[in-house]
Amino acid sequence: MNKAHFRFVTSTAGFTLVEVLVAVAVFATMAALAWGGLNAVIRVRETLLVEQEDFTRIQRMVGVLERDLGSAVRRTVRGNYGEPLAAMIGGPDQVEFTHAGFASPLAEARSSLERVVYELDLKSLKRGRYAALDRAPGSAPQLSTLRDRIESFRLRYLDKDGHWFDRWPPRDPPQPDALPRAVEFRIDLGGAGEITRLIELAGAAAPIATAP
């Protein structure tokens with residue numbers, strides 16, 4: 001009786017080769033599915049992080065441009081050869097102007113006005129700043145890229161009479177210290193859509209700004 005019981009236990013407790021192979025195949029399939037799902041979650045997370053960083057950069061780009069335009073002042077400057085330059089020089093895809101609010105983080109004794117330029121260069125929207133308002137020979141703006149992958153950057157300018165211009169200042173009559181009533185810019189982000197803003201220039205009606 002004991003001998004028969006021993007044969008029963010050994011015959012039911014073991015696994016055949018087919019059973020082992022089936023178990024391994026099931027485990028491998030489950031592991032592959034789990035890894036595929038985890039890999040998909042990781043890819044989605046990385047994509048969301050990239051999109052979030054790009055959205056933050058877009059917000060920063062638009063915010064800087066709005067702030068600079070909103071603080072534009074009627075301050076003409078001297079170019080590299082001493083020639084007078086208008087307070088704002090604008091074209092359909094580039095604009096240069098003087099703005100206020102250029103604070104010094106170290107409380108240095110210097111002008112609070114700054115001359116900046118915005119331009120589209122090889123699908124990169126760039127902001128340039130000049131070290132001084134009235135330039136020395138050979139001086140150039142220090143450029144920084146606000147965002148890549150810009151399809152187009154378009155500007156137009158509204159005068160006090162409600163007329164739109166593709167360039168500023170109007171040539172007739174010459175008004176080098178004049179500012180437009182408002183500036184509209186359109187930034188085509190390609191697949192990310194288009195941003196349009198209309199910025200009113202409070203400095204258009206203000207007195208001519210002076211700086212050392």
Side-chain angles (χ1 to χ4, degrees), residues 37-73 75 77 85-108 110-133 135 139-158 164-168 179-204 209:
L38 180 61
N39 193 34
V41 170
I42 293 174
R43 290 198 304 269
V44 170
R45 177 181 174 83
E46 291 176 348
T47 301
L48 290 177
L49 288 175
V50 170
E51 291 179 352
Q52 182 178 3
E53 292 176 357
D54 188 49
F55 180 72
T56 301
R57 195 166 190 177
I58 292 172
Q59 284 185 311
R60 187 183 302 115
M61 170 188 67
V62 174
V64 170
L65 183 51
E66 288 181 342
R67 180 200 65 196
D68 285 352
L69 284 171
S71 60
V73 295
R75 183 14 168 118
V77 299
L85 300 178
M88 175 176 286
I89 305 172
D93 57 2
Q94 179 179 349
V95 63
E96 177 185 325
F97 58 95
T98 308
H99 78 95
F102 179 41
S104 171
L106 300 178
E108 300 172 347
R110 60 161 171 76
S111 171
S112 63
L113 302 182
E114 183 183 43
R115 190 75 173 184
V116 294
V117 57
Y118 286 85
E119 62 183 13
L120 187 63
D121 181 23
L122 298 177
K123 293 192 176 184
S124 294
L125 183 59
K126 296 187 177 182
R127 177 185 188 268
R129 56 174 299 270
Y130 286 91
L133 294 177
R135 306 167 197 171
S139 61
Q142 180 182 355
L143 296 172
S144 60
T145 299
L146 297 178
R147 188 184 186 271
D148 299 319
R149 305 187 309 281
I150 300 294
E151 293 298 325
S152 66
F153 175 54
R154 306 295 296 176
L155 297 140
R156 60 177 185 158
Y157 312 88
L158 181 69
W164 287 101
F165 295 88
D166 290 331
R167 298 185 179 277
W168 191 269
L179 288 177
R181 178 182 173 187
V183 176
E184 181 190 76
F185 65 83
R186 295 176 180 266
I187 304 176
D188 186 354
L189 304 173
E194 183 180 84
I195 296 175
T196 302
R197 293 288 188 276
L198 179 64
I199 310 301
E200 183 177 3
L201 275 60

Answer yes or no: is there a donor N or O on one side and an acceptor on the other, between the side chain of Tyr157 and the main chain of Gly91, under 3.5 Å? yes
What one should report as the nearest heavy-atom pair of Leu201 and Pro180 is CB-O, 3.6 Å
CD1 (Ile187) and CD1 (Ile58) are apart, to the nearest 0.5 Å, by 9.0 Å
Taking Arg57 for its side chain and Leu146 for its backbone only, find out whether a donor-acceptor pair lies under 3.5 Å.
yes
Scanning both residues in full, the closest heavy-atom pair of Val77 with Leu133 reads CB-O, 3.3 Å
task = Could you go through the side-chain contact (heavy atoms from CB on, under 4.5 Å) check for Arg197 and Leu69 one step at a time?
result = CA-CA 11 Å; Arg197 293 288 188 276; Leu69 284 171; over 6 Å; no
- Query: Can you check salt bridge (Lys or Arg N to Asp or Glu O under 4.0 Å) on Arg127 and Glu114, steps first, answer last?
  - Reply: CA-CA 12 Å; Arg127 177 185 188 268; Glu114 183 183 43; 3.1 Å; yes
Here the pair of heavy atoms bringing Asp188 nearest to Gly193 is OD1-O, 3.6 Å
When rounded to the nearest 0.5 Å, the distance separating OH of Tyr130 from OG1 of Thr98 is 10.5 Å
For this session: Would you sort out whether Val183 and Val95 count as a side-chain contact (heavy atoms from CB on, under 4.5 Å), showing the intermediate values?
Result: CA-CA 10 Å; Val183 176; Val95 63; over 6 Å; no
Whether the side chain of Arg167 engages the backbone of Arg156 through a donor-acceptor N/O pair (distance < 3.5 Å, no angle test) should be reported. no
Between the CZ atom in Arg147 and the CG atom in Asp54, the distance rounded to the nearest 0.5 Å is 4.0 Å
Rounding to 0.5 Å, atoms CG (Leu155) and CD (Glu119) come to a distance of 12.0 Å
More than 12 non-hydrogen atoms from neighbouring residues, nucleotides or ligands closer than 6.0 Å to CG on Leu198, yes or no? yes
Sorted by chain and number, sequence neighbours left out, salt bridge (charged side-chain N to carboxylate O under 4.0 Å, His left out) with Arg181 holds for none
Ile150 vs Leu189, test: side-chain contact (heavy atoms from CB on, under 4.5 Å). Steps then yes/no. CA-CA 5 Å; Ile150 300 294; Leu189 304 173; 3.5 Å; yes
request  = Applying side-chain contact (heavy atoms from CB on, under 4.5 Å), run through Phe185 and Glu66 and close with a yes or a no.
outcome  = CA-CA 10 Å; Phe185 65 83; Glu66 288 181 342; 4.1 Å; yes
Can you tell me how the ring of Phe97 sits relative to the ring of Tyr118, calling it parallel under 30°, perpendicular over 60° and tilted otherwise?
parallel
(Q) I'd like to know if the side chain of Ser71 reaches the main chain of Ala100, judged simply by a donor and an acceptor atom lying under 3.5 Å from each other, with no hydrogens or angles considered. (A) yes
Q: Could you please spell out the steps behind the salt bridge (Lys or Arg N to Asp or Glu O under 4.0 Å) verdict for Asp166 and Arg154?
A: CA-CA 9 Å; Asp166 290 331; Arg154 306 295 296 176; 5.9 Å; no
More than 12 heavy atoms of other groups within 6.0 Å of Gln142 CD: no
Regarding Glu151 and Lys123, does a basic nitrogen lie under 4.0 Å from an acidic carboxylate oxygen? yes
To the nearest 0.5 Å, atom CE of Met61 lies from atom CG of Leu125 at 6.0 Å
Looking only at heavy atoms, the pair that brings Asp148 and Ser124 closest together is OD1-OG, 2.7 Å
d(Leu179 CG, Arg75 CZ) to nearest 0.5 Å is 13.0 Å
